S.K.: 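Just dropping this structure here.
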Amino acid sequence: MPRLNTPEELECFRQKILSGRDPDKPCISICAGAGCIACGANEVIEAFALAIKDQGLSAKIDTRGTGCPGFCEQGPVVVIYPEKICYLGVTARDVPEIVSQTILKKKIIERLVFKDPATGAVAVHEPDISFYKAQERTLLCNNIKIDSRSIDDYLAVGGYMALAKALGSMTDVQVLEEVKKSNLRGRGGAGFPAGRKWEGSRNAKEAIKYVIVNADEGDPGAFMDRALLEGNPHSILEGLILGGYAIASHEGYFYVRQEYPLAVENIKLAIEQARDYGLLGKNILGSGFDFEVIVHKGAGAFVCGESTALMTSLEGRAGEPRPKYIRSNLRGLWNRPSVLNNVETWANVPHIINRGAEWFNGVGTDSSKGTKIFSLVGKIRNTGLVEVPMGMSLRDIIYEIGGGIPQGKKFKAVQTGGPSGGCIPEELLDLQVGFDELTKAGSMMGSGGMIVLDEDTCMVDVARYFINFLTDESCGKCVPCREGLRQMDKILTNIVEGRGKDGDLELLEELSETAVEASLCALGKSAPNPFLSTLRYFRDEYEAHIRDKRCPALSCKELIAFYIDPGKCRACGICLKKCPVTAIDGDKEKIHIIDQEKCTNCGTCFEVCPAKFTAVIKTSGAPVPAPIAQEKRMIIKKAPKKAQKKADQNE
Amino acid sequence: MTTSDQHIDELMDQYPPKPEYLIGLLQDIQDQQGYISYGAMLLASEHTKVPLSQAYSVATFYQSFRLDPPGEHEIKVCLGTACHLNGGQQLVDGLSRKLQIEPGETTDDMMFTLSTVNCVGACAIAPVAVVDENYHAGATMQKLEREMRKVIDLSSDKIMGEPNA
């Protein structure tokens, strides 16, 4: 392995890698991100290796397991270069055919290409797929192009060019100024200007300073950091080294959540490779700048995503937040100046250094610059990661990229910002995404989770879900959060279980106000958001639960009931067999009845009742109709003539 | 000194005796032994010069630490937002009913531990369940029951396959 001693050597080495590669040589990129692996990507990778070997093509075709390109729902995703043919939902069985047909004969396999679920239009090439078309993929675009475990692949797409530029031709202050000018705001939640944070640390007097990557992506429903960590770890590392250079820090930390084992593995490997190449360690690229990185695994506490709690955790203690009378960029880890930024923020830095602050300022809105990755999930057709310029409307993201709501259901709201965020209703769909815009609507950018909710989602239950989550995750340091959330959880649980009473909403508002005003950290201060925003836009749902004991979305288990419509039941026996509590009575040709006393509302019968009958009815807020009289339960079938004759003879 | 203590000794050698290494050391111990026994916690706290009470506070603060031995197989159900919307809780209820244990508990025969996790970051393929580190996309009770039978078979094969066992 070469140790690269100057920026020129790095450039020479890059050219050497590029000259050894034929851009026209077929290359098969197979997504090996967690989502695709769950759908069988490892078997697909093995099958490709085998098929290529069997057909004696090893020298003619390259394969690589890459990071997540974002379209997880349709995984495993396979992209064939140089044509950029994109196959979705590939299984190991498809592989021999892909090699013999598409690679050798350049024939497209129709069944594996993208079909727009809304229009039925077919797209063969990756850039033509509606999911990708409206995106602007600055950070994610390399994920499918590089083997996430190969530093050479990263170098081949221009990796560490920004580091070479900074160390070779810019002073540390110039790097800092460039980031400041770019108006890059932190991607982790609050959107604090990164340059200002850096400047504070840079100007601090202490000799030892730290830079930290917050990769404790705890927001349920968000996984963009995971995609970057697993798919393009070097881009984050490069950003971190640049940050270290800019603030004169020589020690960096990755705080990665342990629920992401592959991310931990890839980032550790990236660090080793960078060290071997001389891009980490002493005298990086001959500049005299020293920098080392340590990886720390989180241990499953959501609150550790908060900057001061994360630093306490790095110090080896229970991750409780600290007061921020003095900001952590002046007094952070071990009371030393520490710049902590989110994964995505760091990944933006090399691009800013490479292309300049002006380029970055050219994308986005007045107050939010650049692109942002959202994890678009929930009740939406095309789920996955989307990277769009700031300022795109929610409607465009949900309908143009996401393809709208599946199964003809109606859109109800979109939840952004994770547990600290809020729900945005249909009337605000034209809102532009940006830090300030979302906050004004009662939600927040957060780290970029975007969870689409349809008419079947109960908004009270959504609020209860998040409050319950935060109750569990509250570190317990401050009373308004520890006790207040617990009470809120209790009251919301009462409401969804049909025990809500007048005055509950006022009490919840009071508890919210106290938590917002009197909690120490952002977790407590923003915890009531899911309740407040749903109350603001969906008060009628709360009132229906409390006053009419009715769940308008037919979702709250305690407020719904199931019964079988005797006019539709064909006594097929499926629900009867599947009911886990034997609450269904019936027989062959005898209309089935649900015993309401025994029924646990698990919904199994509703799911298994064949679509041609849809005899199981879900209801809420109205009494269940009395069961059909015993003597009317036999189904008199119009038997076919032959059978009828036989029956007559028997009689 | 028991063999497990020796293993812990070897792990401790990799960490300088400083408080900031407590979490990493406890993680390694759990990776190796499946949980943190009282003895292991005592050794770790002594090594990193952290009072035992504080080590206990750390181990109970973070969700990933386990103080009781787990079952042979672990079923983790993701309850992230996307999984919640797509029926994650129903999976937990179903598995609870099937295994007759609550989340966090282990079956009497020590075969399965059922746990829930905040988010495994595979939201696009919700609901997700993780059986022994294998992710299952679009999990249903039927799929999970099949998977459980598979791992039970594997375990019994393993026992039968070892002639000296």
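All chains are named by letter (A, B, ...) in the order of the sequence lines, taking the proteins before the strands, and each is independently numbered beginning at 1. Quick caveat, the model's predicted, so the values are computed rather than measured.
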S.K.: For chain A, find which of B/Leu25, B/Val130, B/Val117, B/Leu79 contributes the most heavy-atom pairs closer than 4.5 angstrom.
M.R.: B/Leu79
S.K.: Would you call B/Asn86 and A/Lys379 a side-chain contact if the rule is heavy atoms closer than 4.5 Å?
M.R.: yes
S.K.: With chain B, which of A/Gly476, A/Gly378, A/Ser313, A/Cys602 has the greatest number of heavy-atom pairs at distances under 4.5 Å?
M.R.: A/Ser313
S.K.: Indicate the atoms forming the closest heavy-atom contact of B/Tyr62 with A/Ala299, along with that distance.
M.R.: CB-O, 3.2 Å
S.K.: Is B/Ala137 in contact with chain A via its backbone, its side chain, both, or neither, using a 4.5 Å heavy-atom distance?
M.R.: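 Its backbone and side chain both get close to chain A.
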S.K.: Does B/Gln63 reach the side chain of A/Phe302, with side-chain heavy atoms less than 4.5 Å apart?
M.R.: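 Contact flag for B/Gln63/A/Phe302 side chains = no.
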S.K.: Select one option (side chain, backbone, both, neither) describing which atoms of A/Ala222 are under 4.5 Å from chain B's heavy atoms.
M.R.: backbone
S.K.: Please classify the contact of A/Cys304 with chain B as side chain, backbone, both or neither, using a heavy-atom distance under 4.5 Å.
M.R.: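 Side chain of A/Cys304 only, per the 4.5 Å heavy-atom cut-off to chain B.
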S.K.: So which atom in A/Tyr465 and which in B/Thr81 form the shortest heavy-atom distance, rounded to 0.1 Å?
M.R.: OH-N, 3.0 Å
S.K.: Pair A/Phe469, B/His84 - check side-chain contact (heavy atoms from CB on, under 4.5 Å), show working.
M.R.: CA-CA 11 Å; A/Phe469 174 87; B/His84 174 75; over 6 Å; no
S.K.: Please look at B/Leu22 and chain A and tell me whether the side chain, the backbone, both or neither of the residue comes under 4.5 angstrom of a heavy atom of that chain.
M.R.: side chain
S.K.: Testing the basics here: between B/Ile23 and A/Arg317, what is the closest heavy-atom pair and its distance to 0.1 Å?
M.R.: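 Taking B/Ile23 first and A/Arg317 second, the nearest heavy atoms are CD1-O, 3.9 Å.
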S.K.: Is any side-chain heavy atom of B/Asp93 closer than 4.5 Å to a side-chain heavy atom of A/Lys557?
M.R.: yes
S.K.: Given 3.5 Å as the limit, does a donor-acceptor pair link the side chain of B/Tyr135 with the main chain of A/Cys36, or not?
M.R.: no
S.K.: Can you tell me how far the CE atom of B/Met141 sits from the OG1 atom of A/Thr604, to the nearest 0.5 Å?
M.R.: 9.5 Å
S.K.: If you draw a 6.0 Å radius around NZ in B/Lys98, do more than 12 non-hydrogen atoms from other residues or ligands fall strictly inside?
M.R.: no
S.K.: Look at B/Gln89, B/Arg97, B/His136 and state which one has the largest set of heavy-atom pairs under 4.5 Å with chain A.
M.R.: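 Most heavy-atom pairs within the cutoff with chain A belong to B/Arg97.
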S.K.: Using atom types as modelled and distance alone, determine if a side-chain donor or acceptor of B/Gln90 lies under 3.5 Å from a backbone N or O of A/Gly603.
M.R.: no
S.K.: Evaluate whether atom CG of B/Asp109 has more than 12 neighbouring non-hydrogen atoms of other residues, nucleotides or ligands under 6.0 angstrom away.
M.R.: yes
S.K.: What part of B/Asn134 is in contact with chain A, defined as an atom under 4.5 angstrom from a non-hydrogen atom: side chain, backbone, both or neither?
M.R.: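 Contact with chain A involves no heavy atom of B/Asn134 at all.
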S.K.: What residue, out of A/Glu315, A/Gln74, A/Met224, has the most heavy-atom pairs lying under 4.5 Å from chain B?
M.R.: A/Glu315
S.K.: Can you say whether A/Thr457 sits under 4.5 Å from chain B via the side chain, the backbone, both, or neither, judging by heavy atoms?
M.R.: side chain
S.K.: How close do B/Cys119 and A/Asp219 get, heavy atom to heavy atom, and via which atoms?
M.R.: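 Heavy atoms of B/Cys119 and A/Asp219 come nearest at SG-O, 4.2 Å.
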S.K.: If you take all heavy atoms of B/Cys123 and A/Phe223, which pair is closest and at what distance?
M.R.: SG-CD2, 3.6 Å
S.K.: Using a cut-off of 6.0 Å, state whether more than 12 heavy atoms not belonging to B/Tyr56 lie near its atom OH.
M.R.: no
S.K.: Side-chain donor-acceptor pair under 3.5 Å between A/Glu473 and B/Asn118, yes or no?
M.R.: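 Looking only at side-chain atoms, B/Asn118 and A/Glu473 do form a donor-acceptor pair, the distance falling under 3.5 Å.
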S.K.: Check whether B/Leu26 gets within reach of chain A through its side chain, its backbone, both or neither, counting any heavy atom under 4.5 Å.
M.R.: neither
S.K.: Specify which of A/Leu376, A/Val303, A/Leu385, A/Ile451 makes the most heavy-atom pairs with chain B at under 4.5 Å.
M.R.: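 Heavy-atom pairs under 4.5 Å are most numerous for A/Ile451.
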S.K.: Do you know the tightest heavy-atom contact between B/Ser64 and A/Gln258?
M.R.: CB-NE2, 3.2 Å
S.K.: What part of A/Phe466 is in contact with chain B, defined as an atom under 4.5 angstrom from a non-hydrogen atom: side chain, backbone, both or neither?
M.R.: side chain
S.K.: Identify whether the distance between the nearest side-chain nitrogen and carboxylate oxygen of B/Asp28 and A/Lys297 falls below 4.0 Å.
M.R.: no
S.K.: Check each atom of A/Ile380 against the heavy atoms of chain B and say whether the ones under 4.5 Å are side chain, backbone, both or neither.
M.R.: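 Neither part, no heavy atoms under 4.5 Å.
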S.K.: Examine whether an atom of A/Pro580 lies under 4.5 Å from a heavy atom of chain B, and if so say whether it belongs to the side chain, the backbone or both; otherwise answer neither.
M.R.: side chain
